[in-house]
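Comments concern the structure below.
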Amino acid sequence: MPSSPDPTARPLDALLRDELAAIDRAALRRTLRPMRRREGATLLVDDREVVDFASNDYLGLAADPRLAGALRDALDDVGVGAGAARLVTGDDPLHERLESAIAALKGTERALLFASGFAANVGVLPALAGRDDAIYSDALNHASIVDGCRLSRAAVRVFPHGDVDALDAMLRADAGGARFRRRWIVVEGVYSMDGDLFPLDRLVSLARAHGAYTVVDDAHASGVLGTGGRGTASHFGVDGAIDVTVGTLGKAFGTAGAFVAGSAALCDLLLHRARSFVFTTGSPPAVAAATLRALAIARDEPWRRDRLRDNARRLRAGLAALGRPAPGEADGHVVPVLLGDPTRTVDAGARLLADGFAVGAIRPPSVPPGSARLRLSVSAAHTPEQIDALLEALAAVPGVPNADPVPA
Ligand SMILES: *Cc1c(COP(=O)(O)O)cnc(C)c1O
């Protein structure tokens with residue numbers, strides 16, 4: 001046993017402080033900031049009410065008292081914790097009911113719950129793809145997809161964002177079934193930081209032509225796009241043609257958790273193989289009761305989707321008038337304002353917060369270097385007056401109005 005300390009070793013905290021200093025120098029320092037959600041798309045920040053244009057509460061359900069009521073009622077019945085993994089003793093009938101309701105919404109044979117969208121992606125990809133496979137992954141895919149690809153040990157081919165022709169070329173270059181056992185294409189339905197859609201109709205025909213399987217992360221479209229909020233595949237008329245769909249419950253549905261929807265065989269295999277499903281405690285069953293309520297409200301109140309689109313159109317038209325047209329659909333609910341420089345972006349976010357608006361000030365690594373941006377997200381809970389007030393505030397933020405616009 002060595003008895004004297006290594007004289008060249010530095011204390012861990014000194015190393016960590018160096019790394020933090022480098023983060024500071026790159027203007028990429030982040031901090032937590034407690035705030036509380038209120039009804040009406042508002043947040044209490046330091047006892048001040050601000051309008052929330054930063055969350056993913058697209059249907060305005062997160063603070064809906066009916067969800068809280070469903071949660072409370074269920075808590076009296078079932079208590080708080082699931083107590084164990086679903087496969088042990090943590091499988092409550094409420095989990096099963098929620099999975100059936102999700103499968104019905106998505107039009108699939110079955111659905112399987114995960115603790116979060118992050119857990120779903122890092123579980124699903126390694127459960128399906130292995131060493132002898134290839135995964136074709138969009139360059140702007142979420143961090144959890146990137147990590148899922150890595151954990152799978154498959155060959156990962158990253159194609160330029162949204163570029164179906166480039167993807168086709170890669171699939172051709174790798175053709176000859178002997179090269180890979182199976183090939184998987186993974187994309188998002190609606191891109192979380194850009195708000196644009198992946199053309200799933202083209203994806204489906206390409207995958208068919210090349211004998212590849214499709215995985216779509218529909219985190220930002222579940223409950224929002226397509227017939228009755230079925231998602232991006234329904235929007236593109238290819239419902240039922242996607243092999244694996246991942247969706248979250250913490251965004252449009254306003255609660256927490258996530259799901260995979262697909263065939264009975266898919267969900268059955270995931271129940272054996274997805275490590276983030278097998279080796280984790282079941283989610284609190286009462287949350288499933290709240291989510292069931294959210295699904296029912298999303299189904300019975302289609303005006304929420306209409307209002308969301310109207311609000312998005314209003315915000316996007318106003319930005320175009322400022323010379324900052326946002327990429328994506330004219331009624332897309334995720335609205336980026338590209339500023340490029342991280343310091344300018346953080347300053348713009350701080351100024352808007354002082355004016356009473358919470359917006360996302362997004363920097364690398366959430367987006368590629370040089371593409372820092374404000375991320376504005378619209379909700380059905382916003383009023384037209386709140387959107388007009390945000391536009392007025394944006395018009396006064398240095399660097400936002402653009403006299404010399406480039407086409408989006
Ligand atoms: C938010 C998000 C996730 C993670 O979902 P959580 O339920 O918040 O863990 C996964 N994928 C995409 C595309 C997302 O936007």
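For ligands, and for the atoms within them, numbers begin at 1 and follow the listed sequence.
Ligand 1 places these atoms under 4.0 Å from at least one heavy atom of Ser192: 15 (O). Listed by number with element, the atoms of ligand 1 under 4.0 Å from a non-hydrogen atom of Asn121 are 10 (C), 11 (N). Every atom of ligand 1 is numbered from 1 in the order shown, and the set under 4.0 Å from a heavy atom of His220 is 14 (C), 15 (O).
With respect to the salt-bridge test (charged N to carboxylate O, under 4.0 angstrom), the residues Asp331 and Arg316 do not qualify. Electrostatic pairing of Asp64 and Arg293 does not count as a salt bridge here, judged by no charged N lying under 4.0 Å from a carboxylate O. Arg307 has no carboxylate O lying under 4.0 Å from a charged side-chain N of Asp310, or vice versa, which leaves the two without a salt bridge. Under a 4.0 Å N-O distance rule, the pair Arg153/Asp133 does not qualify as a salt bridge.
Considering backbone and side-chain N/O of Ala258, none are found under 3.5 Å from N/O of ligand 1. On a distance-only criterion, Gly117 and ligand 1 share at least one N/O pair closer than 3.5 Å.
At a heavy-atom distance under 4.0 Å, atoms from both the backbone and the side chain of Ser116 approach ligand 1.
The shortest side-chain heavy-atom distance between Leu128 and Leu269 falls under the 4.5 Å cut-off. Side-chain contact between Leu203 and Leu167 is present, with at least one heavy-atom pair separated by less than 4.5 Å.
Taking CZ from Arg110 and CG from Leu271, the interatomic distance works out to 6.0 Å, rounded to the nearest 0.5 Å. For the atom pair CG (Leu319) and CG (Asn402), the distance works out to 11.5 Å, reported to the nearest 0.5 Å.
Scanning all protein heavy atoms for the shortest distance to atom 1 (C) of ligand 1 gives Lys251 NZ, 1.5 Å. Considering only non-hydrogen protein atoms, atom 12 (C) of ligand 1 sits nearest to Asp217 OD2, 3.2 Å. Looking from atom 4 (C) of ligand 1 to the surrounding protein, the closest heavy atom is Phe118 N, 3.6 Å.
Within the structure, the closest approach of Gly250 to ligand 1 does not fall below 4.0 Å when heavy atoms are considered.
If you check each of Thr248, Leu249, Val334 against atom 5 (O) of ligand 1, the one with the closest non-hydrogen atom is Thr248.
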